[in-house]
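This report concerns only the one structure given below.
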Amino acid sequence: MSLIFGMMDVLNLAHGVLFLAGAYTAWWIVGEAPSWPRFAAALAVAGAAGALAGVGLSLLVGRLARRSHLDQALLTLGLALIGADLLSIAFGDDVHSIKAPPGLDGSTAVLGKIYPVYRLVLIGLGAALAAVVHVVVERTSLGALVRATVADRHMVAAIGVDERKVKLVVFAVGAVLATTAGVLGMPVLGVGPGLDSTELILALVVVVIGGLGSVRGALFGALVIGEIWSLGRDVLADVAPFVQFGALALVLVLRPRGLFGAATGARS
Amino acid sequence: MTPAGLLDVLGLRSGYRQGTVLHGVYLSLKPGRILGLLGRNGVGKTTLVMTVMGLVRPTGGMVRLDGDDLTGRRPDEIARAGIALVPQGRRIWPTLTVAEHLELAARHARGTGRSADDMYQLLPRLAERRRQLAGQLSGGEQQMLAIARALVTRPRVVLLDEPSEGLAPLLVDQIGAMIKAMAAGGVAVLLVEQDLHLAFGVADEIAVMAKGAIVHRSDTPAFRRDPATARRLLGIQA
C-alpha cells in the first residue's frame, strides 16, 4: 500500500480514494449476493481501474517532478477530493457493506475468542503480499532497479534507463494494490463517504513508522500497523485506535526518520 | 570553431534558477585521449559535466557525439548514445550490492556491454565484495564501483567529476591507472580534477575553466612548463 509514498518520493494523497474506489467496485459488482466469481470479477475490474489510475497519476505528478513535495501533495489531494465526490454522486452517501465470500463468512476461536475467518484470511493475505513484494524488491533485478531509482534516479537515467517508466510501473502497481485492498477490505470495513481519509491516514502512519524511502520499512510498518489494527480492535477494543497513533508518536520521538529510514534524504 | 572530436561541446550555456553558470563553453574530446579540466571552485566544471549528461538543461549551444546532436536530450538517451558519468561524490546506490550495480548497468548497456565478470577480473577487490551493499564499502571501493558502473555501459565518452575526492594517495594512483586503461581502450575521457598530481599524471591535455567558460587549453607538458599561467589561472603553484 505504501509503495508510492515510500519508494517514489511522492506524497500521493490520492491513495485513500483509490482504496475507496476499490471498495465501491466491490459493492457494485458483489452487492447483496456474495459469490466467488463476483469477487474475482470485482478484483479484476478494480485492478484494471487501479492500473489506469496509477498511470494517470504518475503522468500528472511527473509534470511536477521539479516542484516541491507540497505541490505534489496538493495536486493529488485535489484529485482525491474530486474522485471522492464523484464516487459519492455515483453511489450515494449511504454506508454499504457486503458479506465475505462463501466459506469464509464464518467464525473460529482464536486464543479463546471468537474471530471472523475472513479477517484471519485477510491478515494472512496481507502477510503473503508483503512477503511477495519484499522478495520482488529485495531479490530480483526489477527490484534492484526500483531500489536504485529510489536511491538516486538521476544515476539510473545516467546508465541509460528511462526512470520515468520505472516510476510509472511503481505507481501503477501501488494503485492496483490500493484498489485491490479496497475490494478485499470491503467485507470488513464496509464502504461510505470518509473511508478514503481513514485509509489515507492509516497509510501515512505506516510509511512514517517504516521510514520514508525504505522499502523494507514500508512493508514492516504496514505489517505492524495491520496487525495492531486488525487484532487490536477485537482484543483491546477500547484503546485500539490510540495504539497505532501511540506507536507513531513513539517512533517519531525516538527515531524521527522511521524504523528503517535512511539518515539523510536520498534526493539529490 | 570547427568541430573535430568525438564529443563536441559548442557554445554551451546552462545554469540554475539562481542564474546562468555556463556562458558558452567550447571543447572537444578525441577517442583515446584524456582532457584534464581544471579551475577554481564554483567556475562551472560540475555544471558542464551535468549539462553534457543531460542532467542540467542547456539554455543554448550544442552537444554533439560523433556528429549526432544530443542537445536537450534526456539523460537516459544520452547514456544510450554512449556517454557515461562518474559523478562527483560517487553517487553509488547504497541499498544495492556491488553485483546489482554492475548487472543493472550492464543489462541496459548499448550493444553487448562489458559484463560484470570482466569488471571483476579488472578489479579483484570488487569481486571480493560483490555480495556486499555498496553503502558499506570504503571510499576507494565506492569510487572503483562508480567507475566500473560507468564502464560496463560500454561508453565511447566518460565524464569523471573529481574521482580523487577524499581518497588516500595510493588509491588516487589506482584510480589514475584505471583512467589511463580506459583511454587505452579508445574511450574519450573528460577528467574534472582539483588534484593536480592526478590530472598532470594522466591527462594528455589540460583545459582551464573560469567564470563559466574555457579560458586556456594546452597539452599537459606545455602547461607544466608555464607555472606563471597556472598561477594566474588557478591561483596555485603548479
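All chains are named by letter (A, B, ...) in the order of the sequence lines, taking the proteins before the strands, and each is independently numbered beginning at 1.
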Using salt bridge (Lys or Arg N to Asp or Glu O under 4.0 Å), reason through Arg147(A) and Glu100(B) one step at a time and then give a plain yes or no. CA-CA 10 Å; Arg147(A) 273 178 288 135; Glu100(B) 282 174 332; 2.8 Å; yes
Assess, by modelled atom type and distance only, whether the side chains of Asn41(B) and Gln194(B) contain a donor and an acceptor separated by less than 3.5 Å.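 On atom types as modelled, these side chains qualify, holding a pair under 3.5 Å.
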Can we say [X] and [Y] salt-bridge, meaning some charged N sits less than 4.0 Å from an Asp/Glu carboxylate O?
{"X": "Arg64(B)", "Y": "Asp69(B)", "answer": "no"}
{"X": "Asp162(A)", "Y": "Arg74(B)", "answer": "yes"}
{"X": "Glu165(B)", "Y": "Arg90(B)", "answer": "no"}

In terms of heavy-atom proximity below 4.5 Å to chain A, should Leu85(B) be classed as side chain, backbone, both, or neither?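 Contact with chain A: backbone and side chain both.
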Can you tell me which portion of Glu103(B) sits under 4.5 Å from chain A's heavy atoms? Options are side chain, backbone, both or neither.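 Neither part.
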As an exercise: rank Ile78(B), Ile92(B), Thr95(B) by heavy-atom pairs under 4.5 Å with chain A and give me the winner.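 Most heavy-atom pairs within the cutoff with chain A belong to Thr95(B).
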Interface residue of largest heavy-atom contact number with chain A, from Pro155(B), Gly54(B), Pro75(B), under 4.5 Å: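 Highest number of heavy-atom pairs under 4.5 Å: Pro75(B).
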Could you check which of Ala144(A), Ala148(A), Ser141(A) has the highest count of heavy-atom pairs closer than 4.5 Å to chain B?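 When all of Ala144(A), Ala148(A), Ser141(A) are compared, Ala148(A) has the most.
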